[in-house]
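Heads up: the structure comes next, in structure tokens.
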Amino acid sequence: MLNSFEKCAECGSREIEENTQGERSCVDCGLVLSGVVIDSGPEWRNYSDSGESGERVGMPSTELLHDKGLTTDIDWRNKDFAGITMNSQSSRIFRRLRRQHQRTRISNSKERNLSVALAELQRIASQMNLPKSVRERSAYIYRKAVELGLVRGRSIEGVVAASIYAACRMGNIPRTLDEVGAFSRTGRKEIGRTYREVSKALKLRVSPSSPSEYIPRFCSTLKLPHKTQSSAMKILSDAESRELTAGRGPTGIAAASVYLASLITKNPRTQKEVSEAAGITEVTIRNRYKELCVALEINPDDY
DNA sequence: ACACGTAGAGAACTGGT
DNA sequence: ACCAGCACTCTACGTGT
């Protein structure tokens, strides 16, 4: 996608491309211009047929409340629409209405379960400093688990912890089982076991994320030109077709491809630099790098 | 400074009992 | 349900250029 109104801050090129992750980068030098996608549109729809579009009414719905935030409340003040205090008879009626209304909000065991569980989820998530997107996702996973009857026979806590663990991994901010367990009353083993069952039952696509997703970001942090990036992608796809990538950490493969590409395109980066950009150790890069050289019959000295 | 190698520890998954 | 074995990565250290 090209945007002719914008120039690259690094090299002045007007060739800006946007990838599927929403990162916009310069085609010539690879500089990432904006990595954060801001959704400026309203999330909630306009239901009125005659009014202006874009009316904003109330808060957007959320997975984090058991009724998704779709609730009404009866004002606690005993005033009428004009702000005049009600008489005692009306006050009694409204007190009673409020109580009945509150009871209908949490009407059955499933909703009671959800409201307990989601409160627990919030507690753990905020102690772990998890972003909102991950909280929403884990709440969604938990709801699905309830619908499929996975909670019966297991502890609510365990399923909550498993949902969080899964959501973290899906959101690419993985936490270890121990880390999640530290904030929950359940242990690592139970979370792990529950997680496996939940992810199987929900067919969660927990990212065996492709290394290719990491390459643009690594190249950008290392200020590598576009040429090197496409070279790294080429190396990676060769490696994938030779099944070098199975079972390996995706970041390791991506980092090694970038490192190798940086050597053969004459924009060398040290293993240390690459390892810092990729968040892995030099050792892992070395191992993957060595495998790549052997399997693809590349000798960086030739370049 | 950097590249490269090795050993031991730890985390996560698998399969057997 | 639990344990042992596994493949992988990390830490830490040493060696060579």
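In what follows, every chain begins at residue 1, and chains take the letters A, B, ... in the order their sequences are listed. Since the model is a prediction, treat every value here as computed from it, not as a measurement.
For C:dC3, one of the phosphate oxygens OP1 or OP2 lies less than 4.0 angstrom from a side-chain nitrogen or oxygen of A:K189. Residue A:R248 has a polar side-chain atom (N or O) positioned under 4.0 Å from OP1 or OP2 of C:dC8. OP1 or OP2 of B:dC4 lies within a sub-4.0 Å distance of a side-chain N or O belonging to A:Q271.
The distance between atom CG of A:L260 and atom P of B:dC4, rounded to the nearest whole Å, is 11 Å. Whole-Å rounding puts the A:R288 CZ to B:dA3 C1' distance at 17 Å. As rounded to whole Å, 12 Å separates atom C1' of B:dA1 from atom CD of A:E273. Rounded to an integer number of Å, the gap from A:R286 CZ to B:dT6 P is 11 Å. Protein atom CD of A:E276 is 15 Å distant from nucleotide atom C1' of C:dC10, rounded to whole Å.
Between the side chain of A:R98 and the backbone N or O of A:D75, at least one donor-acceptor pair lies under 3.5 Å. A distance-only check finds no donor-acceptor pair linking the side chain of A:T284 to the backbone of A:I280 [under 3.5 Å]. A side-chain donor-acceptor contact under 3.5 Å links A:S163 to the backbone of A:V159.
Among the nucleotides C:dA1, B:dA3, C:dC8, the one closest to any side-chain atom of A:R193 is C:dA1.
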Which nucleotides of nucleotides 12-17 of chain B have their base under 4.0 Å from a protein heavy atom (B), which only their sugar-phosphate (S), and which neither (-), written as one string 5' to 3'? SSB---

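Around the CD atom of A:Q100, the shell of radius 6.0 Å holds more than 12 heavy atoms that belong to other residues, nucleotides or ligands. Residue A:Y140 places its OH atom among 12 or fewer non-hydrogen atoms of other residues, nucleotides or ligands, all under 6.0 Å distant.
A salt bridge does not link A:E190 with A:R154: every distance from a Lys NZ or Arg NE/NH1/NH2 to an Asp or Glu carboxylate oxygen is 4.0 Å or more. Looking at A:R143 and A:E147, no side-chain N of the basic residue comes within less than 4.0 Å of a carboxylate O on the acidic one, giving no salt bridge. A salt bridge links A:E291 to A:R248: at least one charged side-chain nitrogen sits closer than 4.0 Å to a carboxylate oxygen.
With contacts defined as side-chain heavy-atom distances shorter than 4.5 Å, the pair A:Q229/A:T265 does not qualify.
Closest-nucleotide positions on DNA chain B for A:N287 and A:Y259 were compared, and the one nearer the 5' end corresponds to A:Y259.
Only A:I280, A:T281, A:V283, A:T284, listed by number, bring a heavy atom of residues 278-285 of chain A to less than 4.0 angstrom from any atom of DNA chain C.
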